[in-house]
2 protein chains.
Amino acid sequence: MKFDSPPPEPLASAIGFLLAWNGQRIAYRFGEALRPLGLRRHHFGVLNLLDSRPGLTQQELVARSLIDASSMVGVLDELERLGLAERRPHPADRRKHAVHLTAAGRRKLAQARKVAVAVAEEILAPLGERERDELRVLLRKLAGLEADPAHGPR
Amino acid sequence: MKFDSPPPEPLASAIGFLLAWNGQRIAYRFGEALRPLGLRRHHFGVLNLLDSRPGLTQQELVARSLIDASSMVGVLDELERLGLAERRPHPADRRKHAVHLTAAGRRKLAQARKVAVAVAEEILAPLGERERDELRVLLRKLAGLEADPAHGPR
DNA sequence: TATTGTTATACTCTATAACTATA
DNA sequence: TATAGTTATAGAGTATAACAATA
């Protein structure tokens, strides 16, 4: 349905438009692919953050994501309801919660990552290995990140 | 505020994530930059379509965009209210409307394109000319488009 | 006084289905 | 019967402001 046909010229010659179109396309496809797991993209982002930095507070999660504070409450509520994360008392400040993944959360994250790889594989099909490397380098630079950290995963 | 700091690792090593992040970033910035003109991104897309193919019907606009039929009604209502486009009777089928830009619509489109160029320039600042060309080629291929049509505009 | 998390609320965007007028 | 456009409506998703507990 959506994003099934390439974008129309002359916009398709504009690099900014191409960036937006391709980006929204993969975001959309990933969102769809995540549905069977009972997750949305925001959940995936938070699971990743918690995996690499266990015990983050909600404010810290907000600062590291595009999710605002009030929406974060809802996202964490859902992750807790699904048994994937839990709010624990913060050792030093009773106002804060230290948020951690559960074992189920780590398993679900592993599943979701497989989905992400599959979607990327589908979307990136038109590009060869060399081209994908080029693209990653360019996109990292565009995002304000330094050069590849020793050839990351996908 | 939003998209002001680079995305966190390890997601930032994933090419799919980078694509989505950069794409959403430029879409967001463009949306903000368009606000002073009284337009949103959808309006810009439709203005472009009408500029290159005057007289398209609403269904044809729907088919060439990511806007569904009922939302298209609202977009065209707004464009007409702003005096930027007009629905004319279709010569061959009284059910259809042939949608055309007005002179003001063409002027507004020219302004909006300048805004688009400025935003792209800001976002693409980290890349040199050679790198931008590489990126455009890769993104066109990714979008399922054939090779560059004789070095397009931006 | 300021901050953390929360709630209530409003706002935008999009999608669905039903309706009309024409074909 | 089918299609083009429209309307009404509902559903996500997100943002804003006010609040309670704690610092």
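Throughout, a chain's letter reflects where its sequence line sits, starting with A, and its residues are numbered from 1.
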Novice: By side-chain hydrogen bond (donor to acceptor under 3.5 Å, both in side chains), which residues pair with A:E80, not counting sequence neighbours?
Specialist: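 Applying side-chain hydrogen bond (donor to acceptor under 3.5 Å, both in side chains) to A:E80 gives A:R87.
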Novice: Does B:T102 have any side-chain contact (heavy atoms from CB on, under 4.5 Å) partners at least two apart in sequence or in another chain, and if so, which?
Specialist: B:E86, B:A104
Novice: According to a strict under-4.0 Å criterion, is A:Q58 in side-chain N/O contact with OP1 or OP2 of C:dT6?
Specialist: yes
Novice: Nearest-Å distance, CG (A:L76) to C1' (C:dT7)?
Specialist: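 Atom-to-atom, A:L76 to C:dT7, this comes out as 15 Å.
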Novice: Test of understanding: with side-chain hydrogen bond (donor to acceptor under 3.5 Å, both in side chains), list the residues that count as partners of B:K141, not counting sequence neighbours.
Specialist: A:E131
Novice: Quick one, which residues of residues 78-95 of chain B touch DNA chain C with a heavy atom under 4.0 Å?
Specialist: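 The answer is B:D93, B:R94, B:R95.
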Novice: Quick one: side-chain hydrogen bond (donor to acceptor under 3.5 Å, both in side chains) partners of A:Q111, sequence neighbours excluded?
Specialist: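 Testing A:Q111 for side-chain hydrogen bond (donor to acceptor under 3.5 Å, both in side chains), a comparison that skips the adjacent residues, returns none.
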Novice: What pairs of residues pass the ring pair (Phe, Tyr, Trp, His ring centres under 6.0 Å) test when at least one of them lies in residues 74-105 of chain A, not counting sequence neighbours?
Specialist: none
Novice: With side-chain hydrogen bond (donor to acceptor under 3.5 Å, both in side chains) as the rule and sequence neighbours excluded, what pairs involving residues 18-27 of chain A come up?
Specialist: none
Novice: I'd like a table of atom pairs between the protein and nucleotides 12-15 of chain C - only N or O on both sides, under 3.5 Å - with the distance next to each one.
Specialist:
| residue | atom | partner | partner atom | Å |
| --- | --- | --- | --- | --- |
| C:dC13 | OP2 | B:R40 | NH1 | 3.3 |
| C:dT14 | OP1 | B:H42 | NE2 | 3.2 |
| C:dT14 | OP2 | B:H42 | NE2 | 3.2 |
| C:dA15 | OP1 | A:K2 | NZ | 2.3 |

Novice: First and last nucleotide of DNA chain D in contact with chain B, 5' to 3', at under 4.0 Å to a heavy atom: what are they?
Specialist: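 Under 4.0 Å from chain B, the extent on DNA chain D is D:dA2 to D:dA15.
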Novice: Give every residue pair that meets the ring pair (Phe, Tyr, Trp, His ring centres under 6.0 Å) criterion with at least one member in residues 42-80 of chain B, sequence neighbours excluded.
Specialist: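 Sorted result for residues 42-80 of chain B: B:F30-B:F44.
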Novice: List the residues meeting salt bridge (charged side-chain N to carboxylate O under 4.0 Å, His left out) with A:R94, not counting sequence neighbours, and say none if there are none.
Specialist: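 Checked A:R94 against salt bridge (charged side-chain N to carboxylate O under 4.0 Å, His left out); zero matches.
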Novice: Quick one: ring-ring contact (aromatic ring centres under 6.0 Å, His included) partners of B:Y28, sequence neighbours excluded?
Specialist: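 ring-ring contact (aromatic ring centres under 6.0 Å, His included) check on B:Y28 returns B:F3.
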Novice: Does some side-chain heavy atom of A:L18 sit less than 4.5 Å from a side-chain heavy atom of A:L11?
Specialist: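 A:L11 does not reach A:L18 side chain to side chain.
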